[in-house]
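Step one of this worksheet: look at the structure below.
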Amino acid sequence: MSTRHNPGDDETPAATGRAFDAVLCDLDNVIRFYDTAPLAALERAAGLPEGTTTDIGYAPEIDLPLLLGRITPDAWAESVAAGLTERVGAERAHELGRALADAPFTADEEVVSLLRRARTRVPLVLVTNATLQLNADLALLGLTDLADAVVSSAVEQVAKPDPAIYRIAAERAGVPMERCLFVDDRQENIDAAAALGMTTALYREPADLRRALGPYAEEAVVTP
């Protein structure tokens, strides 16, 4: 028996009347969430406001080379440390940079369940600004089989909200962009998708995804 979507299984969009034929979904802050509590504790011990390290690490000039696959996560951690050294000293700065790079993460099981249900009906593509270790991260999460394809900024060397990465994702899904549902937690990424004609859903909590998926969020029908 099968609960898995296969291309060509469904009727045409005109016949079904559905709003989309593929789901393109972000990873971080939708599916994957980081535990920054250990980092925050280190910042407090160093006399820094919480969030100082992430503010440096996610500044475009430091973060973008990582997300485009031009530097390794280790090199990124060193860049973060360099930005903190004058404030806390080299040793503590290095500790903070490593804590950010090594922050533990988990997957939201409710979101994963919703996406697995949707994938039984339409293709699912992950579209993420990620590092070159994404495949290893997905393996740690047990999610290597979650999607039909994964579009990573580090591999494609283009990052959201650049329109090119959306075009790549729609092509991997095998449907026109205007027949895609795009889910993301960042408004600028949502706006870029909408400008390309995609249906969009700004993610804040699982209910947002459930509402966007509509009937595709329901339990799959098992066929013999």
Side-chain angles (χ1 to χ4, degrees), residues 3-5 19-20 22-41 50-51 53-55 57-58 63 66-67 73 99-155 159-161 165-166 169 172-173 180-194 198-221:
T3 59
R4 167 76 167 78
H5 165 81
F20 56 87
V23 176
L24 312 183
C25 188
D26 183 29
L27 177 66
D28 290 325
N29 299 316
V30 177
I31 300 170
R32 174 170 65 173
F33 292 85
Y34 286 89
D35 178 6
T36 58
L39 173 60
E50 291 184 24
T53 309
T54 55
D55 286 345
Y58 297 143
D63 194 34
L66 175 70
L67 298 180
L100 177 60
D102 297 337
F105 51 78
T106 57
D108 186 311
E109 292 303 324
E110 182 177 357
V111 170
V112 169
S113 178
L114 290 170
L115 291 173
R116 288 196 187 280
R117 293 176 193 176
R119 191 184 171 209
T120 66
R121 306 286 295 279
V122 293
L124 170 64
V125 177
L126 299 185
V127 191
T128 177
N129 288 352
T131 75
L132 288 171
Q133 65 184 31
L134 176 61
N135 288 341
D137 289 351
L138 291 174
L140 285 173
L141 290 168
L143 297 180
T144 55
D145 65 341
L146 177 64
D148 294 284
V150 177
V151 176
S152 165
S153 62
V155 174
K160 296 177 293 185
I165 197 167
Y166 301 87
R172 301 277 169 83
C180 293
L181 168 66
F182 177 76
V183 182
D184 201 286
D185 68 301
R186 298 182 67 88
Q187 187 64 54
E188 62 266 34
N189 296 340
I190 289 290
D191 292 344
M198 294 182 179
T199 299
T200 60
L202 180 64
Y203 183 89
R204 290 291 179 265
E205 58 184 7
D208 298 323
L209 178 62
R210 185 183 298 275
R211 183 165 49 251
L213 292 175
Y216 297 164
E218 299 171 1
E219 292 284 357
V221 176

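Owing to the predicted nature of the structure, the values given are computational and were not obtained by experimental measurement. Hydrogens, waters and symmetry mates are skipped; everything else that's a heavy atom, side chains included, is used.
Looking at heavy atoms from C-beta onward, Val155 lies out of side-chain contact with Val150 at the 4.5 angstrom threshold. Within the 4.5 Å cutoff, side-chain heavy atoms of Val23 are placed close to those of Leu213. Asn189 is listed as a side-chain neighbour of Phe182, based on a closest heavy-atom distance under 4.5 Å. Contact check for Leu209 versus Leu115: side-chain heavy atoms found under the 4.5 Å cut-off.
When all heavy atoms of Thr131 and Ala154 are compared, the pair lying nearest together is C-CB, 3.6 Å. Here the shortest heavy-atom pairing between Ala212 and Phe20 reads O-CE2, 3.6 Å. A pairwise comparison of heavy atoms in Ile31 and Cys25 identifies CD1-SG, 4.2 Å as the closest pair. Pairing each heavy atom of Val151 with each of Arg172, the nearest pair is CG2-NH1, 3.8 Å. In this structure, Gly57 and Leu100 approach most closely via the heavy-atom pair CA-CD2, 4.1 Å. Nearest heavy-atom pair across Gly142 and Arg116 is O-NH2, 3.9 Å.
Here the side chain of Ser153 pairs a donor or acceptor atom with the backbone of Ala130 at under 3.5 angstrom. Thr200 places no side-chain N or O within donor-acceptor distance of the main-chain N or O of Ala194, the cut-off being under 3.5 Å. With Arg117 contributing its side chain and Ala217 its backbone, the two residues share a donor-acceptor pair below 3.5 Å. No donor-acceptor pair closer than 3.5 Å links the side chain of Asp148 to the backbone N or O of Val125. Side chain of Arg32 to main chain of Thr106: no donor-acceptor pair is present (N/O by atom type, distance under 3.5 Å, no hydrogens or angles).
Taking CG of Asp28 as the reference point, atom OH of Tyr34 lies at 4.5 Å (rounded to 0.5 Å). Atoms CG and CG, on Asp108 and Leu141 in that order, are 11.5 Å from each other to the nearest 0.5 Å. Thr144 contributes atom OG1, which lies 9.0 Å from atom CG of Asn135 (distance to the nearest 0.5 angstrom). Remark: Asp102 CG to Leu39 CG distance equals 10.5 Å, nearest 0.5 Å. Here Asn129 contributes atom CG and Lys160 contributes atom NZ; the two are 5.0 Å apart, rounded to the nearest 0.5 Å. Note that CG of Asp184 and OH of Tyr166 are 6.0 Å apart. Values are rounded to the nearest 0.5 Å.
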* Worked check of side chain to side chain contact (heavy atoms under 4.5 Å, CB included) between Leu126 and Leu134 -> CA-CA 11 Å; Leu126 299 185; Leu134 176 61; over 6 Å; no

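Between Phe33 and Tyr203, the two ring planes are tilted [angle within 30° to 60°].
Salt bridge annotation for Asp26-Arg186: absent, with no cationic side-chain nitrogen under 4.0 angstrom from a carboxylate oxygen.
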